[in-house]
2 protein chains.
Amino acid sequence: MSSVTVAPPAVVRDTASQILDVAERLVQSRGFNDVSYADIAVELGVTKPSLHYHFRSKAALGDALIARYSARFFEQLDRIEADVVGVRARLDAYVGIYAAVLAAGRMCLCGILAAEYQTLPEKMRSAVLDFFDRNEAWLERILDESSRDTAKLIIDTLEGAVMIARAQNDSDRFDRVAERLVSSVVPGVADPR
Amino acid sequence: MSSVTVAPPAVVRDTASQILDVAERLVQSRGFNDVSYADIAVELGVTKPSLHYHFRSKAALGDALIARYSARFFEQLDRIEADVVGVRARLDAYVGIYAAVLAAGRMCLCGILAAEYQTLPEKMRSAVLDFFDRNEAWLERILDESSRDTAKLIIDTLEGAVMIARAQNDSDRFDRVAERLVSSVVPGVADPR
DNA sequence: GTCTATAACGAGATAGAC
DNA sequence: GTCTATCTCGTTATAGAC
């Protein structure tokens, strides 16, 4: 009789995913151009050619990084829209995504890639722009008012706040700025904390 | 009789300044780690060792870049404080500095260095943090209200807005966000444009 | 001050064995 | 799918002539 196909151990991901995990963390910390195949290989205990087997070029690795990051990011936005009620609460949840990134000592992947924009391959550039467009579209949708500039203001402030608070190693700064931002956008009650 | 010492031609700067000029533009476009001595040497029509004569190491070049950029930046802030009257007008002038950077297709030097923060030598890190601290202090001083978080909100938003508008090649986006930002901080009249 | 020449290293990438 | 070995190129930096 044939053996039954069982699910693999939940904690051990396939190699490609493990590569993406390490690469994502390193890129969000140092930037795409300051992460090498050698850095990733050492952490995983494999050699550089092994990485090239899974991602032919560094550009291909970059493409895969943004694709996975974006997919997960917008899944979170879908969940917020489905589970959270009210503009203020939804914005707080949105801010929470950025706060979690900062708490991990990282920048938003597409934020740090935006800073490196001029040095990126064309496909990565488009994917970065797409990330911001979709963020903006989501914010416009959940905001009650019609001003599209509010969505841009929110994105720009949060991306800048993460970048600077990370350099200052001061997550409290991020929290205070985000509170002031959200309060100015949704003039209702103050932060319930 | 001895010859009179005349002022050098105004347009031709000394070599060290010329190196800083080219390096500054390249770093504000691509980031510190993506600018090489070779890039700078080619533009100036000199060789790499010539650059090393003026700036022993790349870290020393980076230190000099931030020092000059900061000095000029805070000179501008001094001038605004001396020549411009009123919170709104001063903030508009402050925003104008960032708008000019964006118009040149650049990021704020310390903004792009903040994104690269984890890879910078220690002295450059301190200088970057100092830049933001002094910006914050200046904003707190010219603002009428006591909220220090407002100063942080302004810096973070402008830095993020420059970063993203540059990637999107959309300076109009920057202008609209900045207008919304300043209006929310100084609830007086709308943009006089 | 600027040059030629070169050292010493790390990058991304490929060939081919296992 | 992962390895060893290697290639080619770019990087910062230095020695020493002019």
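Proteins get letters first, then strands, A, B, ... in listed order; numbering begins at 1 in each. Values below: every heavy atom of this structure, side chains too, minus hydrogens, waters and symmetry copies.
Between B/His54 and C/dT2 there is a side-chain N or O to OP1 or OP2 distance below 4.0 Å.
Taking atom CG of A/Leu44 as the reference point, atom P of D/dC3 lies 10 Å away to the nearest angstrom. Here D/dT2 presents its P atom at 14 Å from CD1 of A/Ile40, a figure rounded to the nearest Å. Between the CG atom of A/Asn33 and the C1' atom of D/dT11 there is a distance of 14 Å, given to the nearest Å. In this structure, CG of B/Leu51 is placed 11 Å from C1' of C/dT2, rounded to the nearest angstrom. In this structure, B/Ile19 atom CD1 and D/dT12 atom P are separated by 14 Å, rounded to whole Å. The separation between A/Asp39 atom CG and C/dC9 atom P is 18 Å, rounded to whole Å.
If you check D/dT14, C/dG12, C/dT2 against the side chain of B/His52, the one that comes closest is D/dT14. Of the candidate nucleotides D/dC3, D/dA13, C/dC3, D/dC3 has the atom lying nearest to any side-chain atom of A/Ser50. Of the listed nucleotides (C/dA11, C/dC3, D/dC3), C/dA11 has the atom at the smallest distance from the side chain of A/Ala38. Residue B/Ser36 places its side chain closer to D/dT12 than to any other of D/dA13, D/dT4, D/dT12. You'll find that the side chain of B/Val46 is closest to C/dC3, out of D/dT11, C/dC3, D/dG1. Here the nucleotide nearest the side chain of A/Lys58, chosen from D/dC3, C/dA13, C/dC3, is C/dA13. The B/Thr47 side chain lies nearest to C/dC3 when the options are C/dC3, C/dT2, D/dT12. When distances are taken from the side chain of B/Tyr53 to each of D/dT2, C/dT2, C/dA11, the shortest belongs to C/dT2.
Between A/Trp138 and A/Tyr94, the ring planes lie parallel to each other; the angle is under 30°, not in the 30° to 60° tilted range.
With sequence neighbours excluded, the residues that form a salt bridge (charged side-chain N to carboxylate O under 4.0 Å, His left out) with B/Asp149 are A/Arg176.
Between the side chains of A/Thr119 and A/Asn33, a donor-acceptor pair is found at a separation under 3.5 Å.
Mapping B/Phe32 and A/Thr15 onto DNA chain D by nearest heavy atom places A/Thr15 closer to the 5' end of the strand. Nucleotides of DNA chain C nearest to B/Gly45 and B/Lys48 differ in position, and the one nearer the 5' end is that of B/Gly45.
The ring pair (Phe, Tyr, Trp, His ring centres under 6.0 Å) pairs that include a residue from residues 155-185 of chain B number zero, where partners must be two or more places apart or lie in different chains.
In this structure, B/Arg134 forms a cation-pi arrangement with B/Phe74, its terminal cationic atom sitting closer than 6.0 Å to the ring centre and no more than 45° off the ring axis.
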